Structure formats: structure tokens, C-alpha cells
Amino acid sequence: MAPKMRTRGTTRTLQSSNDEETKTNAHSEDSPLEVGQAVRGKRKGSGKTGKQESSKAKKSPERPQYCHWLMKSEPESRLENGIDVKFGIEDLKTLPNQTGCWDGVRNYQARNFMRDMKEGQHAFFYHSNCKEPGIAGVMKIVKESYVDHTQFDKKDVHYDASSKADNPKWSMVDVQFERMLKRFIPLSELKKIHLQHKVKGGSLNGMALFTRARLSVQPLTSEEFEFVLSLEDNDPL
DNA sequence: GCCAACGTTGGC
DNA sequence: GCCAACGTTGGC
């Protein structure tokens with residue numbers, strides 16, 4: 001499976017307020033349209049088409065529109081309830097079409113960011129909770145948010161007994177491997193740059209990786225995204 | 001609605 | 001393995 005993310009928590013996080021807002025829309029799952037290829041065979045795809053959230057939705061104060069993302073997952077084996085949650089970028093490459101569903105996110109803020117994702121946008125694949133944390137590669141969002149079927153699966157690590165089929169709490173997106181970075185960009189290097197930029201100004205000044213460290217799905221501004229990509233051609237700091 | 005206790009994330 | 005930071009829960 002795809003235990004991708006550490007969602008456990010993380011992913012799911014809501015930060016405070018945000019989530020609440022989001023939560024508000026909780027019901028809005030997006031539409032599950034057809035199933036894409038979920039990776040796991042199971043995909044339950046609910047077929048209902050959601051019409052949308054509209055209803056109540058007042059979309060809160062609008063959330064800024066981001067179009068680049070960073071998603072965390074653990075590349076090294078670790079048992080959670082007896083189940084290995086390992087899912088690194090190499091695992092994504094192995095799936096059919098190099099595509100998988102990013103299930104298991106159980107944090108409202110992270111979930112909301114996934115709900116904001118649009119097909120065709122890019123996300124960094126970040127390796128967390130491992131020897132060398134950092135950004136390994138780039139993926140593309142190939143299916144916008146739909147119901148995360150693992151919330152209803154008692155056997156799944158991320159089963160959520162509080163989520164009901166008629167009002168699912170958790171969503172996921174499908175992502176496709178795009179490419180490895182020309183070199184792995186370690187967290188340690190990003191951190192040094194972040195600290196410099198905080199002092200003198202610079203693109204990584206407010207990077208979510210440092211300002212909201214525990215969030216497993218986070219947005220990047222275009223400037224941040226491009227800056228990180230520019231590091232590929234530099235020598236490691 | 002506050003807030004203390006508890007649980008999780010994830011770097012180190 | 002430790003533990004700081006922070007989200008979540010539940011009593012009141």
C-alpha cells in the first residue's frame with residue numbers, strides 16, 4: 001500500500017484555525033469521479049459524483065491559491081501497528097504508470113491543501129523520518145482530490161472509525177513520478193539557506209518546511225519552488 | 001469555549 | 001531513542 005505519507009499525523013494536521021475552516025467544508029469531498037488509477041487495488045472509489053460542495057460552503061476567507069507543493073513520506077521501513085509504512089520515491093516509481101494515490105493523510109490542514117491541488121501542478125517528494133531527510137524528486141498531480149478509501153478500511157493503518165461513508169473526512173490525490181532531482185537536496189542545506197534568507201532576505205525566508213515543520217502536505221510559492229530547483233545545479237552547500 | 005493531559009511528528 | 005513542537009481530546 002501506499003502508506004505514503006506519514007500521515008498519520010501529519011498529514012493530518014490542522015492547524016488551528018485552518019482546519020476548522022476547512023472542516024467546514026468537510027463534506028465537500030471532491031468529486032470522485034472515476035477512479036483513476038489508484039494504486040492500490042483497492043480503491044474504493046466511490047462513485048458518486050459529487051456535485052460539489054457548494055452548498056454551504058462558504059469558502060472561508062479565501063485561501064491563497066498555491067500551485068506548488070511539498071509532500072512528505074518515509075522512505076525507510078517503520079512499523080506502525082505492525083504494518084510497514086515505508087513509501088519512498090523509489091516505491092512510487094515502481095507502481096504502474098509510476099502513479100499512486102496519496103492516501104493516509106489524517107490532518108485537516110494537510111487534507112485541505114490536497115483539496116486545493118489541481119491537475120498538472122507539481123509537488124516535491126520529500127523524504128522524512130530517515131537518515132537523510134530532504135527533497136528527492138518531483139511529481140505531478142494527476143487526479144484531483146477524492147475520497148481516501150483507507151479511512152473505511154479497518155485493516156489499514158490509517159483507518160478512522162469516526163469517519164462515515166455518507167460524509168467522509170479524508171481525501172487524497174493521485175500523483176505521478178516526474179523526475180528525480182539532479183541531486184538530492186538535503187534538509188540541512190535547505191535549513192542553512194532558510195536561516196540566511198531570514199536574515200538577509202531571500203526566497204526561502206518563509207518556507208513552510210520550517211515555519212510549519214510538522215505539516216506533511218504543504219504549499220510552496222512559485223518563487224520557493226523555482227529557488228529549490230535552482231539548487232540542483234549548484235554544488236551542495 | 002478553556003485548557004490540561006495526551007498523542008504524534010520528525011529532526012537530531 | 002530523545003524530545004520539542006504542536007495537534008487533538010475531553011472534562012468542566
Side-chain angles (χ1 to χ4, degrees), chain A residues 1-27 60 63 69-92 102-116 123-137 148 150-151 154 156-164 167-172 181 184-198 204-220 224 228 231 236-237:
Chain A
M1 321 270 238
K4 331 191 132 279
M5 38 270 206
R6 67 188 359 278
T7 353
R8 40 168 86 260
T10 343
T11 322
R12 358 159 136 291
T13 348
L14 65 104
Q15 235 143 48
S16 23
S17 31
N18 276 351
D19 53 352
E20 273 313 327
E21 321 178 342
T22 9
K23 208 172 219 120
T24 331
N25 358 321
H27 60 40
S60 19
R63 359 182 69 245
W69 313 94
L70 179 147
M71 302 170 87
K72 301 178 181 178
S73 187
E74 303 183 32
E76 295 173 5
S77 288
R78 185 175 63 82
L79 298 187
E80 198 171 316
N81 301 333
I83 298 169
D84 192 355
V85 297
K86 168 184 185 295
F87 188 81
I89 197 164
E90 295 301 332
D91 298 300
L92 177 61
W102 205 267
D103 60 27
V105 171
R106 297 293 181 271
N107 169 285
Y108 291 113
Q109 205 174 23
R111 178 202 69 179
N112 294 341
F113 282 131
M114 285 201 295
R115 289 181 176 184
D116 288 339
F124 285 130
F125 195 124
Y126 179 89
H127 281 170
S128 69
N129 208 13
C130 56
K131 260 357 103 23
E132 172 126 76
I135 299 174
D148 177 348
T150 65
Q151 67 197 299
K154 295 193 168 76
D156 194 277
V157 196
H158 302 114
Y159 170 66
D160 182 356
S162 73
S163 183
K164 301 304 173 202
N167 189 13
K169 288 186 177 175
W170 309 112
S171 303
M172 64 185 180
L181 288 188
F184 180 84
I185 310 286
L187 175 65
S188 58
E189 179 172 345
L190 292 169
K191 182 175 288 181
K192 287 176 199 162
I193 295 168
H194 167 67
L195 291 174
Q196 288 173 8
H197 287 192
K198 271 210 302 186
L204 301 193
N205 183 329
M207 194 181 188
L209 194 55
F210 304 104
T211 60
R212 296 150 122 184
R214 297 176 41 195
L215 194 55
S216 69
V217 175
Q218 36 182 268
L220 278 81
E224 288 165 345
V228 171
L231 297 175
L237 251 200

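So that the names make sense, note that chain A is the first sequence line, chain B the second, and so on, each numbered from 1. All values reported here derive from a predicted model rather than from experimental measurement. The basis for the numbers below is simple: all heavy atoms, side chains too, and nothing from hydrogens, waters or symmetry mates.
Atoms CG (A:Leu187) and P (B:dC12) sit 5 Å apart, rounded to a whole Å. As a whole-Å value, the separation of A:Glu80 CD from B:dG10 P is 11 Å. With rounding to whole Å, A:Gln109 atom CD is found 19 Å from B:dT8 atom P. One interatomic measurement links the two molecules: CG of A:Leu215 to P of C:dT8, which rounds to 11 Å at whole-angstrom precision. If you measure from atom CG of A:Asn129 to atom C1' of B:dC12, you get 11 Å, rounded to the nearest angstrom. Atom CE of A:Met71 and atom C1' of B:dG10 are 18 Å apart (whole Å). Rounded to whole Å, atom P of B:dG11 lies 12 Å from atom CE of A:Met207. Atom-to-atom, CG of A:Asp160 to P of B:dG7 comes out at 17 Å; the value is rounded to the nearest Å.
Two residues are said to be in side-chain contact when any heavy atoms from C-beta on lie closer than 4.5 Å; A:Arg212 and A:Gln109 meet this criterion.
Scanning for ring pair (Phe, Tyr, Trp, His ring centres under 6.0 Å) contacts around A:Tyr126 gives an empty result, with sequence neighbours left out. For A:Phe210, the ring pair (Phe, Tyr, Trp, His ring centres under 6.0 Å) partners two or more places apart in sequence, or in a different chain, are A:His194.
Nucleic acid contact for A:Tyr126: sugar-phosphate only, since backbone atoms but no base atoms lie under 4.0 Å from a heavy atom of the residue.
Under the side chain to side chain contact (heavy atoms under 4.5 Å, CB included) test applied with A:Cys130, the options A:Ser77, A:Pro75, A:Ser73 reduce to a single match, A:Pro75.
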N/O-N/O pairs, protein side and nucleotides 3-5 of chain C side, under 3.5 Å:
from  : atom 1 : to       : atom 2 : distance (Å)
C:dA5 : N3     : A:Arg214 : NH1    : 3.0

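Going from atom CG of A:Leu209 over to atom CG of A:Leu220 covers 8.5 Å, rounded to the nearest 0.5 Å.
Ring pair A:Trp69/A:Phe125: centre-to-centre distance not below 6.0 Å.
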